Structure formats: C-alpha cells, structure tokens
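Residue numbering restarts at 1 for every chain, and letters A, B, ... go by the order of the sequence lines. Note that these values count all heavy atoms, side chains included, but never hydrogens, waters or copies made by symmetry. Predicted, not measured: the structure shown is a model, and the values here were computed from it.
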Amino acid sequence: MLDVAAIKADFPILDSTVRGGQPLVYLDSGATSQKPRAVLDAERSYYEHTNAAVHRGAHALAEAATDAYEAARSVIAGFVGARPDALVFTKNATESLNLVAYACSNATALAREDAGAIDPRLVLGPGDSIVITEMEHHANLVPWQEVCRKTGATLRWLPLTDEGRLDLSGLDTLIDDSTKVVSVVHQSNILGTINPVRRIMDRAHEVGAIGVVDACQSVPHMPVDVHELGADLVAWSGHKMLGPTGIGCLWGTPDILAAMPPFLTGGSMIEMVTMERSTFAPAPQKFEAGTPMVAQAVGLAAGVRYLEALGMSAVAEHEHALATYTLDALAALPGVRIIGPQSTIDRGSAISFVVDGLHPHDVGQVLDSRGVAVRVGHHCAWPTCRRLNVPATTRISPYIYNDTDDIDAAVAGIVAAQRFFGVA
Amino acid sequence: MLDVAAIKADFPILDSTVRGGQPLVYLDSGATSQKPRAVLDAERSYYEHTNAAVHRGAHALAEAATDAYEAARSVIAGFVGARPDALVFTKNATESLNLVAYACSNATALAREDAGAIDPRLVLGPGDSIVITEMEHHANLVPWQEVCRKTGATLRWLPLTDEGRLDLSGLDTLIDDSTKVVSVVHQSNILGTINPVRRIMDRAHEVGAIGVVDACQSVPHMPVDVHELGADLVAWSGHKMLGPTGIGCLWGTPDILAAMPPFLTGGSMIEMVTMERSTFAPAPQKFEAGTPMVAQAVGLAAGVRYLEALGMSAVAEHEHALATYTLDALAALPGVRIIGPQSTIDRGSAISFVVDGLHPHDVGQVLDSRGVAVRVGHHCAWPTCRRLNVPATTRISPYIYNDTDDIDAAVAGIVAAQRFFGVA
Amino acid sequence: MDLESLYQDIILDHYKHPRGRGLLEHPLGSAFHVNPTCGDEITMQVARDADGGLELGYDGQGCSISQASASVLVELLEGGTVEHSEAVRLAFVALMHAQGAGEPDEEVLGDAIAFAGVAKFPARVKCALLAWMALQDAEIQAGLLTTGEQP
Amino acid sequence: MDLESLYQDIILDHYKHPRGRGLLEHPLGSAFHVNPTCGDEITMQVARDADGGLELGYDGQGCSISQASASVLVELLEGGTVEHSEAVRLAFVALMHAQGAGEPDEEVLGDAIAFAGVAKFPARVKCALLAWMALQDAEIQAGLLTTGEQP
Ligand SMILES: Cc1ncc(COP(=O)(O)O)c(C=O)c1O
Ligand SMILES: Cc1ncc(COP(=O)(O)O)c(C=O)c1O
C-alpha cells in the first residue's frame with residue numbers, strides 16, 4: 001500500500017473539517033480529485049514568473065511560456081507512452097469526446113460541398129452505425145446521439161449483464177460493416193467495471209471503424225499506455241488525476257489527427273488566412289484554437305510527476321486493495337447491494353451501492369453529516385441506472401490519499417443511516 | 001491616472017528581470033494580461049478549501065464549490081451589467097465565438113431532420129449572408145468561414161479606411177435582407193479602433209439578423225454594459241482582464257440563449273437521458289457540458305473585483321492618457337508609422353506601428369533585448385495587415401500596471417533598433 | 001451537522017406513509033418533472049372535484065425529501081381553491097430560497113414548515129421544490145393558472 | 001542579452017544584400033512556406049542547370065533572419081548536387097535544434113554557421129528554418145528527393 005499519511009500531508013484540503021467540525025473524509029475522487037501542493041505551486045509559479053501568450057510572441061516571457069506549455073505536453077504525453085505531438089489539450093474530457101464527434105459531423109457537412117478533400121471514414125449517413133456501450137458516461141453518449149441526429153446514422157450499444165459487465169456475445173454482429181465509429185469507456189465511473197477495450201478496438205478495426213476510448217477513469221488510476229489500448233483516439237480529463245480544473249486531453253494516432261477536420265477555429269490553429277479562406281496548421285495546433293489553458297497544462301504536468309513518483313503500478317495496487325476491503329465490508333452489511341461487479345477482477349475502486357428501504361440521496365446525506373463525502377445520483381450514466389433497475393446509487397470512490405480508515409468511516413455512516421431511517 | 005506604483009506591487013511577475021538582468025517592461029497585455037496576487041490567492045484558496053465537483057454532489061464540499069462557482073458567475077455578470085443566468089462560461093473567447101457559429105451550423109443540420117423544432121433565425125443556406133468586418137481577429141473570422149463552407153451561406157465584410165477605421169458608407173446595402181448574422185469586433189486588437197457597434201447591431205436588427213460582438217479588447221479596458229451594445233451575444237476572455245488562463249465568457253439575451261441548440265454535449269447540461277434520446281437543461285447549463293473551469297471562474301471573479309476597486313472609468317482614462325502619450329511619442333520618431341487611427345478619438349491603447357527599413361519582428365527583438373515585451377506579427381488579424389499593406393506590425397499594448405516610463409522604454413528601444421540596423 | 005433539522009419527523013412520516021399517492025383517472029393537467037442531478041421524478045396531476053375544488057394525484061420516485069414534499073403538498077391543497085394552492089406554493093418557494101433565514105408562516109404552510117431546515121442544504125432545495133414546480137405546470141396545462149412566472 | 005550573437009554581421013549583410021533573389025523561369029519544383037506566427041513568407045524553387053547542378057530561385061518577405069537564411073542557402077547550394085544540399089540542410093536543421101549547444105561544422109555549413117546564435121531564440125528558429133523547409137518540399141516536388149522525412 002502507499003504511505004497514505006505522507007500523501008495526505010501533501011493535500012491541504014484534506015486537513016479540513018466540514019458540517020460543524022467533522023474531519024473531512026473525501027471519497028468522491030471519481031467526480032474530481034483533490035490537488036497536492038506541488039500542483040498549486042506549479043500553477044502559481046507559472047503566473048509569477050512565466051505567464052505570457054504562447055506560440056504568439058517573440059519576447060523572452062513568451063518564449064518561456066511556450067517552453068513551459070510544450071514541456072508540460074511532453075510530460076503528460078510521456079505518462080501515457082505517447083509522443084508530444086499526438087496530444088491535444090482541451091478543457092475537459094467532454095470537449096475531447098465532442099471534438100471527435102464533431103470531426104464526424106463536420107466531415108459529413110463539408111463532404112456535401114467538396115467530398116474530395118474529406119476522409120471518407122469520417123463521413124456518416126443513413127445506413128451507417130456508431131457503437132457505444134450501455135455503461136457510457138453521458139459525455140460519451142449524448143455527443144453521438146447528436147451526430148446521429150445530424151447525419152442520419154444509427155446509434156447502437158453493447159448491452160450489460162446484470163452484474164454490470166459488458167455482454168460481448170453479440171460483439172461481432174453489433175459491430176459490422178455498417179459501423180464507422182466504436183467508442184467505449186475503459187473503466188465505468190458508476191460501476192467500476194474495467195472493459196476489454198483492446199478486444200473491442202480490434203473488432204472495430206476489423207470492419208474499418210474508428211476506435212475511441214474514454215479513459216477518464218483509467219488514466220488516473222492505473223498504468224495506461226495508449227498504444228496498448230489499440231484505439232485511434234483516447235480521451236481523459238486532468239482534474240480527476242490531481243490536475244487543475246479546466247484541462248483535458250485527447251490522444252490520437254498521426255493518421256487520425258491528420259484526417260480529422262478542425263473543431264474550434266480561430267487564432268493559433270491556422271497556417272494562412274485571407275477573408276475568403278483559411279488553411280490550417282498540423283496537429284496538435286490544428287485542434288487548439290485560441291489562447292490555451294497554459295497554467296493548467298503546467299499544473300497537470302506537476303500532477304503527473306507526482307503520480308509518476310508514486311508509480312502507477314503502486315497506485316493501482318493500492319486501489320485494488322481498497323476495492324477488496326470495501327467490497328468485503330459492504331458485503332457484510334445486511335440490506336446493502338453492490339451495483340456493479342462483486343469481485344475485484346477487472347474492476348476499479350469506484351463502488352456503487354444501494355441500501356434497501358433508503359434512497360441513495362438520503363444515504364449520502366447521512367454520510368455527509370458525518371464528514372464523509374460520497375457521490376449520489378445517476379453519476380451521468382442514467383441509462384446504466386435504468387438498465388440495472390436502480391433510480392440512482394451512492395458511490396464510494398477512493399484515491400491515493402484514502403486508506404481503510406476512510407472506508408470504515410463510510411461503512412459506519414451507512415449503518416448510521418439505516419438506524420436513522422429505521423430500516424435496520 | 002491610476003497609482004501605477006501601487007498596482008505594480010500587486011503583480012509578482014512585474015518584479016522579474018529578463019534577458020540577463022533587464023527589468024521586465026510588459027507591454028503585451030493585448031495578448032494576455034498579468035495576474036495580481038488577489039487572483040492567484042483566490043484560485044489557490046479554492047483548491048485548498050472548497051474544491052469538489054459542482055452541480056453534481058450533495059456533500060458539504062460540493063455545495064461550497066457550487067456556491068463558489070455560481071457566486072463567481074454573479075460577480076462577472078454584474079461587471080457587464082448582466083444577470084447571472086445570461087452568462088455562459090467557456091474556455092476562452094474563441095470557444096465563445098465558435099459556440100455561436102456552431103449554433104448556426106448545428107441548427108442548419110438539425111433542421112434537415114426536423115425543421116419544426118429549430119429556430120429559423122439560426123438556419124442558414126445558399127442565399128443567406130453573414131457580415132463581419134475586415135478587422136476581425138481570426139477567432140471572429142475563421143468560424144464564420146467554416147459555417148459558410150458547411151451551409152452554403154456567403155461571408156461579407158465591412159471594409160476599412162486607410163486609417164484603419166470601418167468604412168460604414170455601405171452599411172445598409174451590405175447588411176440586407178439576406179443577412180442572418182452580423183458579428184463585429186468592439187475594439188480591434190491590432191489597430192486599437194473602437195467601432196460603433198451599437199449602430200451596426202441596430203442595423204442588424206432592422207433586417208432581423210442576430211447581432212454578435214467580440215468584446216475581447218473592450219471589457220478589460222473600459223466600462224461595458226452588454227445591454228448598451230445592442231447585441232444578442234457578446235464574447236470575451238478572462239485572461240486578458242487579470243483572470244487565469246482557461247476561462248472565457250459568452251453573454252446572451254434570454255431569447256437567443258433559449259433558441260440556440262447546445263454546442264458541447266455530455267454531463268451537467270442534460271435534463272433527461274435515455275440511450276435513444278436526451279433533453280437539455282435551460283441556459284447557462286445547456287452550454288456548459290462536463291466539469292467546468294471552477295477555479296478559473298473563482299480567479300476571474302477576483303480579477304473583476306480588482307478592476308471594480310480601481311473603477312473601469314479610471315482604467316479607461318488611464319489607458320486613454322497612455323494612448324495619447326504613446327501616439328505623440330511615436331509621431332515624433334522619424335521613420336515610424338502608426339498602423340491604425342492616429343488620433344485618440346474612438347481608439348484604445350493598443351498601438352501598432354512599422355519602422356521604415358526594419359521588419360516588425362526585428363524591432364520586437366531589439367526591444368526584447370532591452371527587457372521590453374511587445375507583440376510582433378499579424379496579431380491573428382492577417383487580412384487586416386494585408387488590407388493596410390504591411391506584412392506585420394509591432395504592437396505596444398499597455399494596461400493598468402503601465403506608466404509613461406514603460407512607454408519611454410519602448411520608444412528608446414525603437415530608436416536603438418534603428419541604430420542597430422543602421423536605418424537612422 | 002444536525003441531521004434532525006433536515007429530516008424532521010413530519011418529513012420522515014410523510015416519506016414512509018405518503019398521503020394521496022396515485023394518479024388520477026381523468027386529469028385536466030399533468031406534468032412530469034425530474035431533478036437532473038439525482039434523477040428524482042414526480043408526475044403531478046390536477047383536476048376539479050365535484051365541488052369545484054382541486055383534485056390532485058401524483059406518482060414518483062426519489063429521495064425522502066422529494067417524495068415527502070409531494071405528499072405534504074397533496075395533503076395541504078387537496079379540495080382547496082387554485083388561489084389557495086398558489087398562495088401556499090409561493091410561500092413554500094420563498095421558504096426554500098431563504099437559506100434557513102426565513103420565518104415560515106405556519107398558518108399558510110401547515111406541515112410544510114417542516115421543510116424549513118432543507119433550505120440550509122442547497123443541493124436538497126431542488127428535491128423539496130420538485131413537486132411544487134410540477135404542480136404549477138400541471139395547473140397551467142389544465143388552464144387553471146395563466147401566468148407562468150417563475151419566482 | 002547579446003543582440004550581436006543573434007544578428008551576426010554575416011546575417012545583416014545577407015539581409016541587406018540578398019544573393020540570388022528572384023524566381024526561376026522554368027522551375028522543376030516550387031514550394032511556398034509561411035510562418036503562421038509572424039507571417040514570414042518564402043517561395044523556394046529548384047531546377048537543374050546545364051551541368052546537372054542545382055539551380056535555385058526564391059522570393060519572399062519577412063524578418064532579417066528568414067530572408068538572410070534564404071540568401072545564405074542559395075549561395076551555399078547553388079550549382080551543387082542534391083546530395084550536398086541534403087547534407088547541408090540536415091546539418092543546418094540540427095544546428096537550429098541544438099538550443100545553442102551545437103558545435104557547427106564550418107566545413108559543411110559555411111556562412112550558415114552565423115545562425116548558431118539563433119538556436120538560443122526558439123521563436124526565431126522557425127524563421128531561420130523557413131527557406132530550408134521550403135527547399136526540401138521543392139526538391140520533393142521536383143522529384144529530386146523521394147523521402148519526406150522530417151528530422
Ligand atoms: C479581438 C479579439 N478577439 C478574439 C480573441 C481571442 O481570444 P482568446 O485567444 O482568448 O480565445 C482575441 C485575443 O486573442 C482578441 O484580441
Ligand atoms: C467515464 C467518464 N467519462 C467522461 C467524463 C467527463 O469528464 P469531464 O466532466 O471532466 O469532461 C467523466 C467524469 O465526469 C467520466 O467519469
């Protein structure tokens with residue numbers, strides 16, 4: 001296990017008390033992680049010593065700011081085994097996934113005018129299909145619904161088993177020659193399930209489809225090498241992995257980044273501009289219009305260095321141990337049901353549950369009254385809740401700064417909730 | 001004039017030296033402003049005491065984070081005379097302008113499927129026109145070119161006089177019944193020209209077009225009340241007005257915000273989601289998909305409070321005085337030509353110039369060697385350079401922390417450049 | 001934190017023993033509202049009873065606050081006039097937005113004053129208001145209310 | 001900062017007195033490159049002279065570094081072999097990416113070693129490389145070079 005006491009000391013917020021003096025027990029890292037001092041220092045230092053417009057100026061500060069921004073890109077790309085120029089910065093994973101979805105709808109619209117200039121893999125129409133899963137975060141569902149509304153393509157999805165795993169029995173018929181895009185979540189934020197994305201991506205490539213992975217809940221929690229996922233594009237967020245709010249990532253192969261038309265357009269992403277027409281810079285600049293989130297990139301790089309110092313294998317082991325402990329503790333509580341895999345095989349540490357006779361919102365409220373912060377609701381995966389016949393869940397999602405004491409506090413809170421509402 | 005010495009002391013970076021010990025003279029605020037300690041403190045304090053996912057959690061921190069985010073929205077909206085729910089947060093002004101442009105291209109694509117549900121004002125096609133000006137930043141030019149490529153609409157523009165003002169003689173013929181959108185810059189970032197946007201917006205509304213203002217260079221520099229601009233939508237960035245990188249703003253009337261389809265889709269912007277279809281929350285949530293830039297909103301609100309304490313009229317007067325001083329000083333230098341209005345009537349403090357026999361890049365380099373940071377190039381307004389027959393310009397753009405000593409340093413640098421290259 | 005100030009006994013009682021739950025056979029107006037953050041759902045229905053008073057029906061799923069609030073609403077307003085329902089609704093909305101500083105009028109609000117503590121929990125205010133927002137929409141749909149002013 | 005280390009006399013001389021400037025009448029290959037940050041432009045053209053050596057032409061506008069670099073390029077490579085141009089180009093690119101730490105080979109680079117100081121100014125490296133990148137494209141277009149490997 002990690003040295004949690006030492007790690008906690010690096011996170012100022014974890015010293016807080018809430019709700020009238022209760023020490024904070026933060027178990028909502030699946031929503032957003034807390035930030036170590038090193039990240040806050042890196043951001044501040046950037047503003048105090050380096051801040052200037054990047055890629056636009058020739059003066060000393062502008063050069064230093066550009067260096068800081070591009071050095072951050074190298075660090076973050078290296079963290080997932082990627083080349084710096086294959087990494088695009090966005091504001092969050094939602095923008096990253098929308099960027100990909102808009103590549104399809106934009107290519108489709110542009111091809112109506114000038115089909116020759118557009119990569120046909122990105123052009124969709126009636127008869128084409130996009131395949132996702134029934135456990136997607138809304139961020140990897142709604143953008144594809146919108147693409148379908150705009151292009152006439154059909155959305156399909158891999159169904160779930162009652163345990164909250166993908167049912168892959170129909171994989172080869174669901175992903176067929178009509179399929180142009182396959183986009184799946186690596187680790188579910190609500191169920192904790194880790195999906196066999198490599199197998200799904202390989203099937204996507206068999207039929208010539210583009211493969212996309214939503215790695216929001218995997219890059220922060222386990223070693224991830226983008227090449228091993230077998231995808232063309234991988235999206236994730238900075239704020240769930242110790243980084244600041246306001247920065248996300250999109251990795252892509254050189255091939256797909258070159259093929260995709262730009263998304264946001266404006267300054268810094270152009271090659272030539274006249275009033276009549278413009279040409280665009282190569283990736284990643286092509287996808288980074290406007291003044292970027294420079295301080296946030298620098299902060300995220302500091303977060304990545306912090307994780308690298310711990311070692312991502314150690315992080316994954318730590319979370320595995322916490323997941324085992326949590327699953328055992330919850331299994332021992334009468335009236336508590338896990339929503340998602342019961343075993344620790346191919347599952348992460350985010351654990352959803354429901355309590356008989358209690359609404360998840362009320363469970364969360366009792367935990368909160370004891371200083372324990374968990375997430376309640378549909379976790380932006382509403383269809384997943386419906387499929388598993390729950391209106392919502394309560395979710396414990398620990399990270400590097402949590403230990404079994406924190407889990408114990410959550411478990412004690414569940415028991416207290418049962419007692420308070422008189423259901424146990 | 002403002003008390004510049006006191007203000008400078010609030011900006012840690014302005015104490016720096018560059019290029020081997022030269023004190024930094026920062027005259028590149030048109031590109032991005034520096035940040036006062038109050039902004040850095042506000043961001044850090046948010047991360048150390050409040051950070052959590054907003055609008056998604058029920059625990060104490062999540063409530064506090066949501067309050068901090070929405071309180072920031074109120075402060076920033078109030079700064080431009082707006083209601084909080086009329087203010088959408090984006091990552092930068094470029095995203096704000098793209099959001100508007102995509103409202104048109106998305107509405108056009110969606111109307112093909114289901115015209116009834118879409119506001120016809122946003123649906124474009126061949127025969128329709130979009131009107132901008134010849135002094136737009138690429139951020140308010142390229143997105144409209146893309147809309148035209150996707151919908152078949154035609155891009156038109158208000159031409160410039162040789163002095164770099166809008167030639168409005170053809171206003172009533174250029175904006176005609178075919179016009180669906182009119183989008184103009186309030187204050188040019190390259191020329192410093194302040195445009196009569198009210199008059200242009202009124203003409204837009206006469207023909208039923210939607211009026212958009214790019215206020216990137218006005219909101220930071222003068223009192224702006226969005227209602228007085230007469231526009232439907234107003235876009236600007238946080239980083240040019242003391243705020244952090246990674247946050248932009250879009251204000252809109254309730255009418256237009258309700259009419260525009262969503263842009264980025266995913267979590268936090270929905271009302272109901274099934275695998276088959278989704279419905280969306282009202283604005284501003286409708287346009288804020290994913291985990292937002294919370295710390296950056298909090299930081300920008302602190303920047304706004306800093307500006308409010310100075311008073312925006314005082315800021316505008318200060319810059320007016322600096323502009324007068326700079327124009328006079330440059331006029332006195334042989335071989336130096338102002339690109340943009342020569343007088344201080346309807347112009348801001350960003351002042352572009354060229355030096356006979358020297359390339360702007362080389363002028364900037366000499367200034368840089370003396371610690372003076374200015375911007376060189378086409379300033380993301382390449383067509384404006386072409387129209388005014390210059391390959392590029394050197395630009396001095398001061399802000400609240402600059403005084404006439406800083407301008408003197410720039411002027412001395414220009415003379416030194418002329419001497420170094422033997423052209424004077 | 002004082003969990004009891006949030007979950008008053010009246011609330012828990014209405015949650016466990018909802019009054020008047022069930023949908024109407026012939027509603028004049030019906031509105032389905034949902035809390036997008038947590039998924040709480042309420043369908044609220046209105047009709048006229050034989051004496052011209054309000055007849056109310058509802059169904060839904062969600063947390064104790066959202067469901068108890070619907071039950072209290074029905075108990076308070078069933079059989080009354082539309083004007084009365086509107087007065088109570090406005091008083092309840094005001095109480096919820098008072099952030100715990102409101103002085104609830106027990107005369108008007110009856111059992112609904114039990115929700116005063118909810119106002120201190122911004123994330124739960126939406127739960128408490130859900131049924132009341134749906135009521136307004138249902139009355140508008142039924143032609144009983146004309147203005148759709150959101151307070 | 002040492003302005004002289006950036007603007008060596010050789011550079012200023014080539015800037016003020018460009019060598020071989022002008023376009024060819026019958027180019028085999030022609031490439032137009034632009035530096036999107038500052039707008040510097042170069043058109044570089046290649047052909048074969050009577051002896052089979054490289055014939056070069058160019059035109060452009062931009063800062064002293066970008067224009068002097070084109071002039072030095074032409075002076076160094078005109079009349080030589082494609083192989084020679086490629087060797088010099090690779091050495092020049094390496095020098096520009098050495099961030100001031102490179103040991104330029106004067107034998108290969110000739111006057112182009114004057115650009116060593118540019119490598120310390122990242123924003124100017126692109127200016128110095130502009131003509132050389134355009135050369136590579138022009139040679140590929142002319143069929144003189146087959147690989148388009150970017151170092
Ligand atoms: C007039 C104008 N419009 C738009 C922009 C784009 O702003 P941003 O780069 O913050 O998106 C800028 C600044 O770069 C500007 O000056
Ligand atoms: C699996 C998954 N996908 C996508 C997202 C969206 O990320 P963000 O809100 O940072 O855009 C999240 C987190 O909210 C997530 O957990």
Pair count under 4.5 Å, heavy atoms only, with chain B: among A:Val273, A:Val142, A:Thr274, A:Leu264, highest is A:Val273
Under a 4.5 Å heavy-atom cut-off, does chain B meet the side chain of A:Ser33, its backbone, both or neither?
backbone
Could you pull out the closest heavy-atom pair between B:Ala58 and A:Val376, with the gap in Å?
CB-CG2, 4.0 Å
Looking only at the side chains, is there a donor atom on one of A:Ser278 and B:Gln145 sitting less than 3.5 Å from an acceptor on the other?
yes
Bottom line for B:Thr50: the part with an atom under 4.5 Å from chain A's heavy atoms is backbone
Answer key: most heavy-atom pairs under 4.5 Å with chain B among A:Glu113, A:Gln296, A:Arg387 is A:Gln296
Are the side chains of B:Phe263 and A:Asn98 in touch, meaning some heavy atoms are under 4.5 Å apart?
no
In sequence, state the C-alpha distance, the side-chain angles, and the governing distance for B:Lys91 and A:Glu288, and then conclude on salt bridge (Lys or Arg N to Asp or Glu O under 4.0 Å).
CA-CA 11 Å; B:Lys91 68 176 176 180; A:Glu288 294 186 359; over 6 Å; no
Leading residue by heavy atom contact count with chain B [cutoff under 4.5 Å; candidates A:Glu136, A:His137, A:His379, A:Met272]:
A:Met272
Side chain from CB out, backbone as N, CA, C, O: work out which of these in A:Arg112 comes under 4.5 Å of a heavy atom of chain B, or both, or neither.
side chain
Heavy-atom distance under 4.5 Å to chain A: side chain of B:Thr133, backbone, both or neither?
backbone
Chain A: which of B:Pro244, B:Ser268, B:Gly364 shares the most heavy-atom pairs with it under 4.5 Å?
B:Pro244
Using the rule given for side-chain contact (heavy atoms from CB on, under 4.5 Å), can you reason through B:Leu61 versus A:Ile13, listing the C-alpha separation, both sets of side-chain angles and the distance that settles it, and then say yes or no?
CA-CA 10 Å; B:Leu61 274 190; A:Ile13 204 173; 4.1 Å; yes
Greatest number of non-hydrogen atom pairs under 4.5 angstrom with chain A, of B:Lys240, B:Glu276, B:His361, B:Glu43, falls to B:Glu276
Quick one: pull up CZ in B:Phe11 and CG in A:Asn51 and give me the separation to the nearest 0.5 Å.
11.0 Å
Decide yes or no for A:Val39 and B:Tyr47: does some side-chain heavy atom of the first lie under 4.5 Å from some side-chain heavy atom of the second?
no
Atom group of B:Leu40 that falls short of 4.5 Å from chain A, counting heavy atoms:
both
Side chain to side chain, A:Asp28 and B:His59, heavy atoms closer than 4.5 Å
yes
If you tally heavy-atom pairs under 4.5 Å between each of A:Ala381, A:Gly377, A:Gly290 and chain B, the highest tally belongs to A:Gly290
At a heavy-atom distance under 4.5 Å, which candidate from A:Ala62, A:Ala373, A:Gly152, A:Ala31 has the highest pair count against chain B?
A:Ala373
Are any non-hydrogen side-chain atoms of A:Thr94 and B:Thr291 less than 4.5 angstrom apart?
no
Interface moiety of B:Asp41 toward chain A, non-hydrogen atoms closer than 4.5 Å
both
Say you draw a straight line from CZ of B:Arg37 to CZ of A:Arg44; how long is it, rounded to the nearest 0.5 Å?
7.5 Å
Per-residue contact mode, B:Ile247 against chain A (heavy atom under 4.5 angstrom):
neither
Heavy-atom distances under 4.5 Å only: say whether A:Ile132 touches chain B with side chain, backbone, both or neither.
side chain
Do the side-chain N and O atoms of B:Asn106 and A:Tyr102 include a donor-acceptor pair separated by under 3.5 angstrom?
yes
Any heavy-atom pair between the side chains of B:Met275 and A:Arg386 that's under 4.5 Å?
no
Heaviest contributor of heavy-atom pairs below 4.5 Å to chain B, chosen from A:Pro143, A:Ser29, A:Ala109, is A:Pro143
Okay, side chain of B:Glu146, backbone of A:Thr265: is any donor-acceptor separation there less than 3.5 Å?
no
Please check if the number of heavy atoms outside A:Arg277 that lie under 6.0 Å from its CZ is greater than 12.
no
Heavy-atom distance under 4.5 Å to chain A: side chain of B:Pro292, backbone, both or neither?
backbone
Could you tell me if the side chain of B:Lys150 sits less than 4.5 Å from the side chain of A:Thr108, heavy atoms only?
no
